[in-house]
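First comes the structure, then the notes that go with it.
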Amino acid sequence: MALFVKLISFGFLTLIATNTQDSKLHKRWKIIADNTIYLNLDGSSHGGFKDRIDSVKSDTVFIEFFNDGKFKSVEGDGTFTTDNDSLYLNLPEGSSSFKYELKDSSLYLHIDFLRDDYIRREVLHAIPM
């Protein structure tokens, strides 16, 4: 019986922690940088290409997440879901998925493009508007 109570308590705390993490995502984010990183297939830094950071100076480049699972962005409006550290965006034109991280009041969206001998990682850095 005590084990059952502990499992229920753990599940409840996990649910609260998950909802807290997701609620931090529910706001309007301004994209301020697009970072391109080149990696070897093992995840180490690739020496053949130079990493690049492009600043985004426009206030119109944003993404906004709502509590009801909808989002608005410069690319259009759609729906989203999260699963652990993954964010799935669905637009009428198609869907995409990102790894996301909330750190130091910033949102980082990572997407990897696998090539034959390297990985090109795009990282969008966003701050609250």
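Each salt bridge (Lys or Arg N to Asp or Glu O under 4.0 Å) pair with one or both residues in residues 105-118, not counting sequence neighbours, appears once here: Asp112-Arg121.
Summarising the geometry of Asn40 relative to Ile119, their closest heavy-atom pair is O-CD1, 3.8 Å, with the distance given to 0.1 Å. Residues Asp68 and Lys70 come closest through the heavy atom pair OD1-N, 3.2 Å. Of all heavy-atom pairs between Trp29 and Lys24, the closest is CZ2-O, 3.5 Å. In terms of heavy-atom proximity, Lys103 sits nearest to Tyr108 at O-CE1, 3.9 Å. Across every non-hydrogen atom of Ala33 and Ile53, the tightest pair is CB-CG2, 4.3 Å. What you find for Phe71 and Leu91 is that their closest heavy atoms are CZ-CD2, 3.8 Å.
Note on Val61 and Leu87: same hydrophobic cluster, where clusters join Ile, Leu, Val, Met, Phe, Trp and Tyr whose side-chain heavy atoms are under 4.5 Å apart, directly or indirectly. Grouping the Ile, Leu, Val, Met, Phe, Trp and Tyr side chains by contacts below 4.5 angstrom, directly or via other members, places Leu39 apart from Phe98. When hydrophobic clusters are built by joining Ile, Leu, Val, Met, Phe, Trp and Tyr residues whose side-chain heavy atoms come closer than 4.5 Å, directly or via intermediates, Phe65 is grouped together with Ile111. The cluster map of Ile, Leu, Val, Met, Phe, Trp and Tyr, joined by side-chain heavy atoms under 4.5 Å apart, puts Ile32 and Ile63 in different clusters. Taken together through direct or relayed side-chain contacts under 4.5 Å among Ile, Leu, Val, Met, Phe, Trp and Tyr, Phe62 and Leu25 form parts of separate hydrophobic clusters.
In this structure, OG in Ser55 is found 13.0 Å from CD1 in Ile31, a value given to the nearest 0.5 Å. To the nearest 0.5 Å, the span separating CZ on Arg52 from OH on Tyr38 amounts to 5.5 Å. With rounding to the nearest 0.5 angstrom, the OG1 atom of Thr36 is 9.0 Å from the CZ atom of Phe113. Here the straight-line distance linking atom OG1 of Thr82 with atom CG of Leu89 works out to 11.0 Å at 0.5 Å rounding. How far CZ of Arg28 is from NZ of Lys72: 8.0 Å, rounded to the nearest 0.5 Å.
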Applying side-chain contact (heavy atoms from CB on, under 4.5 Å), run through Leu124 and Asp34 and close with a yes or a no. CA-CA 5 Å; Leu124 297 176; Asp34 180 3; 3.9 Å; yes
Evaluate the criterion side-chain contact (heavy atoms from CB on, under 4.5 Å) for residue pair Ile37 and Asn35; output intermediate values, then yes/no. CA-CA 6 Å; Ile37 302 168; Asn35 190 1; 3.9 Å; yes
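Counting non-hydrogen atoms of neighbouring residues, nucleotides and ligands closer than 6.0 angstrom, the CD atom of Glu75 reaches no more than 12 such neighbours. More than 12 heavy atoms of other residues, nucleotides or ligands shown are found within 6.0 angstrom of CG on Leu41.
If you check the side chains of Asp104 and Ser106, you find no donor sitting under 3.5 Å from an acceptor.
Remark: Asp59 pairs with Lys30 by the salt bridge (Lys or Arg N to Asp or Glu O under 4.0 Å) rule, at least two apart or across chains. Residues passing the salt bridge (Lys or Arg N to Asp or Glu O under 4.0 Å) test with Lys99, sequence neighbours excluded: Asp85.
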